[in-house]
Amino acid sequence: MTSTPESAAHPISPVWNLPNVLTMLRIALVPVFVVLLWQDTPGMRLGALAVFIVAAITDKLDGSIARARGIVTNFGKIADPFADKLLTGSAFVVLSFLGDIPWWVTIVILVREIGITVLRFVMVRRSVMAASNGGKLKTVLQVVAICLLIFPAQALLGDPFGTIVVVSGLIVLYAAAAVTVVTGLDYCWRAWRIAADQRT
């Protein structure tokens, strides 16, 4: 009777798989995105927008592929949310430096994102806190707001259409900030309930 290798009984997905490669690509695109956006010219903003959209698409693809093929890895669990926060966080920071986004909005969003990411890692030994529908809505609103505010609307469209795009971007941004705060409080409440239930 031959023994079955432990790896065969408990297959481990290799780190070098398509979802993780897409995650690493997203991380690699962040400095390219930042450099392009920092130039703050219409052409460079369009380039930054294109890079941001490609990176955002990889975010959708890597999770879908990992779940469909059953190749979720510990590296992916850590790297994927890190890549997401790095991409959107860098966008908010640069846009604030350029004066397109109020700093208080960026600070509120960054504090929430970093805090909840840390909380989810702390809670992983107790329970996996899956992303809620509110969290998914928050991500969509953030991405849409960033795209609208990166787009050089005033330079390319002029008034009144450029102003409409900018105002629309700010409205979506404030909605994203509100949902970000509410979902952050929801995560804290869920974590407290999980901890309280396990103590009892």
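Note that the coordinates shown come from a computational prediction; the quantities given were computed from them, not determined experimentally.
- Two residues are said to be in side-chain contact when any heavy atoms from C-beta on lie closer than 4.5 Å; T139 and D84 fail this criterion.
- The side chain to side chain donor-acceptor pair (under 3.5 Å) contacts involving residues 147-156 comprise Q154-T163, where partners must be two or more places apart or lie in separate chains.
- Here salt bridge (charged side-chain N to carboxylate O under 4.0 Å, His left out) pairs that include residues 32-48, with residues two or more places apart or in two chains, are D40-R45, R45-D100.
- Note: I109 CD1 to T88 OG1 = 8.0 Å, rounded to the nearest 0.5 Å.
- You'll find the side chain of L173 reaches within 4.5 Å of the side chain of F92, heavy atoms only.
- Rounding to the nearest 0.5 Å places CH2 of W38 at 5.5 Å from CZ of F97.
- G169 and A145 get closest at one heavy-atom pair: O-CB, 3.9 Å.
- Checked options V51, V32, L95; the residue passing with L37 is L95 (criterion: side chain to side chain contact (heavy atoms under 4.5 Å, CB included)).
- Note: F33 CZ to L87 CG = 6.5 Å, rounded to the nearest 0.5 Å.
- Note: C147 SG to L49 CG = 5.5 Å, rounded to the nearest 0.5 Å.
- Note: F52 CZ to L36 CG = 13.5 Å, rounded to the nearest 0.5 Å.
- For the pair L156/F161, no side-chain contact is recorded, criterion being any heavy-atom separation below 4.5 Å from C-beta on.
- V111 shares a hydrophobic cluster with I107; the chain of contacts runs through ILVMFWY side chains whose heavy atoms sit under 4.5 Å apart.
- To the nearest 0.5 angstrom, I27 atom CD1 is 11.5 Å from L22 atom CG.
- Not a single donor-acceptor pair under 3.5 Å links the side chain of T58 to the backbone N or O of R26.
- Counting heavy atoms from C-beta on, the side chains of P31 and V34 never come closer than 4.5 Å.
- Between the side chains of T180 and E113, no donor-acceptor pair is found at a separation under 3.5 Å.
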